[in-house]
Amino acid sequence: MVALPGADIPVTHSHDDEKPGFFARWFYSTNHKDIGTLYLIFGIISGVIGGYLSFMMRMELMSPGIDVFDSAHTYLVFVTMHGLIMIFFMVMPALIGGFGNWFIPIMIGAPDMAFPRMNNLSFWLLPTALICLLVSFFVPGAAEGNGFGGAWVMYPPLSTTGSPGPAFDFIIIGLLAAGFSSIFGAINFITTILNMRAPGMTMHKMPLFAWAVLVTAFLLLLALPVLAASLFMLLTDRIEGGTAFFDPARGGDPQMFQHLFWFFGHPEVYIMILPAFGIVSHIISTFSRKPIFGYLGMAYAMVAIGVVGFVVWAHHMYTIGMDVNVKAYFVLATLVIAVPTGVKVFSWLATMWGGSIRFTVPMMWALAFIFLFVIGGVTGVMLANAGVDTYFHDTYYVVAHFHYVLSMGAVFGIFAGWYYWYGKMFGHDYNKFLAKVHFWLFFIGVNVIFFPQHFLGLNGMPRRYVDYPAEFALWNEVSSWGAFITLASVVVFFAVVIEAFLMRNKRQVGNNYWGEGATTLEWTISSPPPFHQFSVLPRIDGGSDHDHTEVDEAYARRLGDENATDI
Amino acid sequence: MRAKHAVTALSAGLLALVTGAHALARDVGDQYGPEANGWFLQDAATPVMEDLIFVHNLVQVIITGIVIVVFGLMIYICLRFRESKNPVPSKTSHNTLLEVVWTILPVVLLVIIAVPSMSLLYKQDRLPETELTVKAVGGTWNWTYSYPDFENVEEFVSNPLDETQAKAVGQPYLLATDAPLVVPVNTKVKVLVTSVNNMHSWAMPAFGVKMDAVPGIINETWFEVTKEGTFYGQCSEICGIRHYYMPIEVKVVSQSEFAAYIASGGEPEDKFAGLDLNETSGAVMTAANR
């Protein structure tokens, strides 16, 4: 073993932990861990707002008739804002901004992100964006009332001539801000991962979460500018006498917007699920006490999903009147995605095979993730077939499908990561029993909400309906009962967080509280990590290419000494 | 008001006389739409929908199998390899044969799905030699139908019935309209679909048909219904505040009835004939102000 040049420089711990004052620390923050925490808090706040919107929707749909909302327009505004807030302000900030910022630098052995100030900008653009969206609730949208009710897909002409008020302009500005935030974040992650890996950390030794975020960052970098461009085109189309990109009366084409939107929109769904894949891989490996099965296959399956994800967008628009040969292509290309996805699922199962499995809280979330993601994935195979999708397009079958992959896929990934890394991030443990109650309530709640929606879709119920024929009453009512169970689980989640915070001094945790099996670099440093970690870069040892990284023994000993003096 | 209704009632009576259907007492006939509290696909009324159900069922069997296999494996693994049962983990992290198998196997399943899926897609999308053309134009918020083949038939607007009206005529609320599109049975019908403002989508689940109404573009699709009756669908592309309130009703009649309908100028049947009009006209007012 060769010692690194930096290894001889004495590390003074007081310097590592010198934290700025409250305002400077949280508002001018350039520290990746503090920014990660801000993202997580922001994601929780947005999740509460988005969850409130969906709860109100379920209350309205509990029985036929319009009885909760005073106007159908407000219902559509809730539908629209639920989608936008959950996607751009809950899932993406939590998975990429939150866990990405927190653990990518640590996992690859870097002291911080490549561009700490840009990192600060990335975060602070988001609250600005969310405020723009929230303002849009209260300013005129369409003739029928305040807010924009054209759904998150924002198809013109409903979003241009159909919604003349300023509400949609606020949404455009907000989404542009959120989009730039994501682009800056993506640049930061790509630069960090490609250039700042610790010595010995080759690409093929990089933890799978880093692979996941790297692929995600490339998707963001390529997809978000397309969204930004189409939003700008909508903006100028909305000006009286402005452009006519999507106005058929002046030579424009409304279908063009759908192509642009879904060229962004489909990669966006992988942007939301890939980081969850990464997190789940680590959790499955840790609690099976086995290295990931087929590491290279897992990494390149994500790359394949990312690449193919860019050439399947029109499967969201099978009914707009495309040529049948074009549809045939999109059917086949979409079906292909099932192959790398299958590789991932089978590799997770093979990782567990022969392992020594512990059913900890994060493991429960990860196992549920796999099972529910498979259900959402196979209904995706159904929907990929354009012929069958003619029946299912814009029905509740689609709603059930994408909530199984997002509300259960991505969100289960978020909670898995939260309970896996909670001790690492905050230095103390949570109440395991309460956390399991949270898990079971959430698991039952979301399944009761979304499984019956398959039946509604099969029976033909269209989406985005404030009122429906009495024939759909039963399964809508069941679905709404699920919303109450999920609400209860959210209350328990906050109970877990508050209880853990109050008991923080009694439940401190060590470096590696999950024990053998947790092999990535974050488990070699203290919990919570020092304000600045790796002032001496770790050196990654190990001969073969797999994700089981072994830190230089001498370095690990020194870290142990440091922590000993720290406590 | 009353006089006008009396006239239309008279003409409807004449029409019924001509076509041999029974007289004034309104007979809704067979109605096909979503099943009450149903949990499966609507019954097929066209050969395309029959194929669609076949492909759906095939895929459903395959994906249910996949879910059962994955779930079963998970349960087995969790029981067999839990910590108390298997305290020392293996260190296996590669098995090339296994990895090749679970890459090839999904490909085989996808080919099994893709073949019938493609044949359905082309059957559904490629128009055969059609015998009748109808045009559906989406507006905010109703459908306007016309028969381009017949110059004597004027276009007509199909508005939703409100709750009271629907109850009065014995049809389901949010599915029934005041003027259905009338087409003959066992006839290949081409549907032209477009819109005058926002996007809409002309959807008829039992036919296996859904086609977006896009302003500036005329889309076409087709169906051949094999049984008579009244069929219901709903607008399936978000189009604004009354997206939920622009249903689609298609009345499929015998070819001779259809010929008579066209010969009489395609005047929509008056559904309120013989009903208490004071009650229903009040309901019309409410609908307009909703």
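Proteins come first, then strands; the chains are lettered A, B, ... in the order of their sequence lines, and each starts at number 1.
Per-residue counts of heavy-atom pairs under 4.5 Å with chain A were compared for B/Ala166, B/Ser119, B/Ser117; the largest is that of B/Ser117. Put simply, of B/Ile104, B/Leu105, B/Leu109, B/Asn95, the one with the most heavy-atom pairs under 4.5 Å next to chain A is B/Asn95. The residue among B/Ile241, B/Val88, B/Val48, B/Thr96 with the most heavy atom pairs within less than 4.5 Å of chain A is B/Ile241.
Listed by first and then second residue, the salt bridge (Lys or Arg N to Asp or Glu O under 4.0 Å) pairs that reach into residues 315-344 of chain A are A/Lys327-B/Asp125, sequence neighbours excluded.
For a heavy-atom cut-off of 4.5 Å, chain A lies close to B/Pro34, B/Glu35, B/Ala36, B/Asn37, B/Gly38, B/Trp39, B/Phe40 in residues 31-40 of chain B. Below 4.5 Å, heavy atoms of chain A meet heavy atoms from B/Asn198, B/Met199, B/Pro205, B/Gly208, all part of residues 198-208 of chain B.
Proximity to chain A is limited to the backbone of B/Cys239, based on heavy atoms less than 4.5 angstrom apart. Heavy atoms of A/Ser347 lying under 4.5 Å from chain B belong to its backbone as well as its side chain. Proximity to chain A (any heavy atom under 4.5 Å) is shown, for B/Pro215, by both the backbone and the side chain. Only the side chain of B/Gln124 comes within less than 4.5 Å of a heavy atom of chain A; its backbone N, CA, C and O stay farther away. Of the atoms belonging to B/Val209, it is backbone heavy atoms, and not side-chain ones, that fall under 4.5 Å from chain A. Contacts of B/Leu120 with chain A are made by side-chain atoms alone, with heavy-atom separations under 4.5 Å and no backbone atom involved. Residue B/Ile217 touches chain A through its side chain alone, counting heavy-atom pairs closer than 4.5 Å. No part of B/Glu220 comes within reach of chain A, as not one of its non-hydrogen atoms sits under 4.5 angstrom from that chain. Interface remark: B/Asn197 contributes backbone atoms only to the contact with chain A (heavy atom separation under 4.5 Å).
Here B/Phe71 and A/Phe371 bring their ring centres to under 6.0 angstrom of each other.
Atom NZ of B/Lys91 is separated from atom CZ of A/Arg289 by 8.0 Å, given to the nearest 0.5 angstrom. Atom CZ of B/Arg80 and atom CH2 of A/Trp353 lie 5.5 Å apart (nearest 0.5 Å). Interatomic distance, CD1 of A/Ile370 versus CG of B/Leu73, reported as 11.0 Å (0.5 Å rounding).
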*For B/Gln234 and A/Tyr465, what are the C-alpha separation, side-chain angles and deciding distance, and is it a side chain to side chain contact (heavy atoms under 4.5 Å, CB included)?*
CA-CA 10 Å; B/Gln234 292 167 287; A/Tyr465 268 35; 3.2 Å; yes
_side chain to side chain contact (heavy atoms under 4.5 Å, CB included) between A/Leu76 and B/Tyr244, worked out_ = CA-CA 11 Å; A/Leu76 292 177; B/Tyr244 73 100; over 6 Å; no
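Put simply, the side chain of B/Asn86 never gets that close to the backbone of A/Ile357: no donor and acceptor are under 3.5 Å apart. Remark: side-chain polar atoms of A/Tyr295 are not paired, donor with acceptor, to backbone N or O of B/Ser93 under 3.5 angstrom.
For B/Phe54, the CZ atom sits in a loose shell: 12 or fewer heavy atoms of surrounding residues, nucleotides or ligands are nearer than 6.0 Å.
The closest side-chain donor-acceptor pair between B/Tyr122 and A/Asn325 falls under 3.5 angstrom.
Take A/Glu60 and apply the salt bridge (Lys or Arg N to Asp or Glu O under 4.0 Å) test, not counting sequence neighbours, and it matches no residue.
Side-chain contact between B/Lys210 and A/Tyr318 is absent, with no heavy-atom pair separated by less than 4.5 Å.
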